[in-house]
Amino acid sequence: MGAAVAAVPCRCETLGVSAEAAAILLSFAMRETEAPAVELGQALERLAQGLRPLEGGIVREALAGEIAACVRALQFHDRLMQQLAVIRNLFTRLTDHPLPQMAGFGAQRWEELLAALRERLAAGSHDELFELLVRTGGVGVSGDGGAEQPEGSCELF
Amino acid sequence: MARILAVDDSPSMRQLVKLALSSAGHEVDVATDGVEALQVAERRQFDVVITDVNMPNMDGIALVRELRSRAAYRFVPLLMLTTESTAERKQQGKAAGATGWLVKPFDPDRLLSIVSKVLS
């Protein structure tokens, strides 16, 4: 009985590792969503440029209004990024280790990081949750954004 | 049409501000933070500067303070475009020399009308 109790890791330790894992996953998810948002902005810019040579009229006005609506709506992505950055920073304060620099974070480094986190995570629900986050959080375990299963792919049985 | 410098660390926000202003014929340059903005502003004179507040390296309030200390930008409209809306932060912006404080998300038409207003 006593041995079973001793095997349970300290709650503080578990919390620190969980917070670290959460902060890292948030950073990756935020980084991954940046490129599609920029792509969307570029597409809007091309649409706006395409409208410029057109003479004024109902259709042009309507399309310009739609682009303006997209500009307003896309700013909520930026707001979400700011909110997530605050949450990530709060998690970071709970961690025992400084977070790795995410810029230029390659597949090998990502796998090393995951392995280290898995080792330090307490068994059971934390571990399962971590694996679930890795699979669904938009972060492929290969570190390249999920190259094993490209976005939009379809598997039929 | 005016030469405008848009400063924001978010790539999508820089794009959206540029899109909103250039659609009305303004010439827009962008910078990613206060430090880069100062370098760009020293190389080229702008008629209006629109800046975010929270940015790495140098924030928007420090940028406004720096620009106001330069003769070329003493009377240039400097607008803050930010999610921050507390009275305290606005006061800091005003004390640094900002011309106005816009809270995100912005409406493109409203942004254009504010730019026209500060230019006139």
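Keep in mind it's a predicted model, so treat the numbers as computed, not measured.
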Enquirer: With a 4.5 angstrom heavy-atom cut-off, could you sort out which part of A/E45 is near chain B: side chain, backbone, both or neither?
Expert: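 Looking at A/E45, backbone and side chain both touch chain B.
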
Enquirer: Tell me, out of B/D107, B/V17, B/D109, who's got the most heavy-atom pairs with chain A below 4.5 Å.
Expert: B/D107

Enquirer: With a 4.5 Å limit on heavy-atom distance, are the side chains of A/R79 and B/K104 in contact?
Expert: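 No, side chains not in contact.
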
Enquirer: So which part of B/S12 gets closer than 4.5 Å to some heavy atom of chain A, the side chain, the backbone, both or neither?
Expert: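 Both parts, heavy atoms under 4.5 Å.
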
Enquirer: Roughly how far, to the nearest 0.5 Å, is the CG atom of B/L19 from the CD atom of A/Q49?
Expert: 9.0 Å

Enquirer: So which heavy atom on A/V71 is nearest to which on B/L16, and how close?
Expert: O-CD1, 3.7 Å

Enquirer: Taking A/Q75 for its side chain and B/F106 for its backbone only, find out whether a donor-acceptor pair lies under 3.5 Å.
Expert: yes

Enquirer: Membership question, hydrophobic clusters at under 4.5 Å side-chain separation (ILVMFWY): are B/V7 and B/L102 in the same one?
Expert: no

Enquirer: Taking everything shown except B/R110 itself, do over 12 heavy atoms lie less than 6.0 Å from its CZ?
Expert: no

Enquirer: Given B/S10 and A/M81, is the side chain to side chain contact (heavy atoms under 4.5 Å, CB included) satisfied, shown in steps?
Expert: CA-CA 9 Å; B/S10 158; A/M81 287 300 106; over 6 Å; no

Enquirer: Spell out, yes or no, whether B/V49 and B/L81 are grouped together once hydrophobic residues are joined by side-chain heavy atoms under 4.5 Å, including indirect joins.
Expert: no

Enquirer: Check whether A/Q42 gets within reach of chain B through its side chain, its backbone, both or neither, counting any heavy atom under 4.5 Å.
Expert: both

Enquirer: Find out if a path of hydrophobic residues (ILVMFWY) with successive side-chain heavy-atom gaps under 4.5 Å connects B/V64 to B/F75.
Expert: no

Enquirer: Group every Ile, Leu, Val, Met, Phe, Trp and Tyr by side-chain heavy-atom contacts under 4.5 Å, then state whether B/W101 and B/L79 land in the same group.
Expert: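 No: no chain of side-chain contacts under 4.5 Å links B/W101 to B/L79.
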
Enquirer: Looking at A/V38, is its backbone amide N or carbonyl O close enough to the side chain of B/Q15 to form a donor-acceptor pair, meaning the two atoms are under 3.5 Å apart?
Expert: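 The answer is yes, because a donor-acceptor pair under 3.5 Å joins these two groups.
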
Enquirer: Can B/M1 be reached from B/V118 by stepping across I, L, V, M, F, W or Y side chains whose heavy atoms are under 4.5 Å apart?
Expert: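 Shared cluster, no.
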
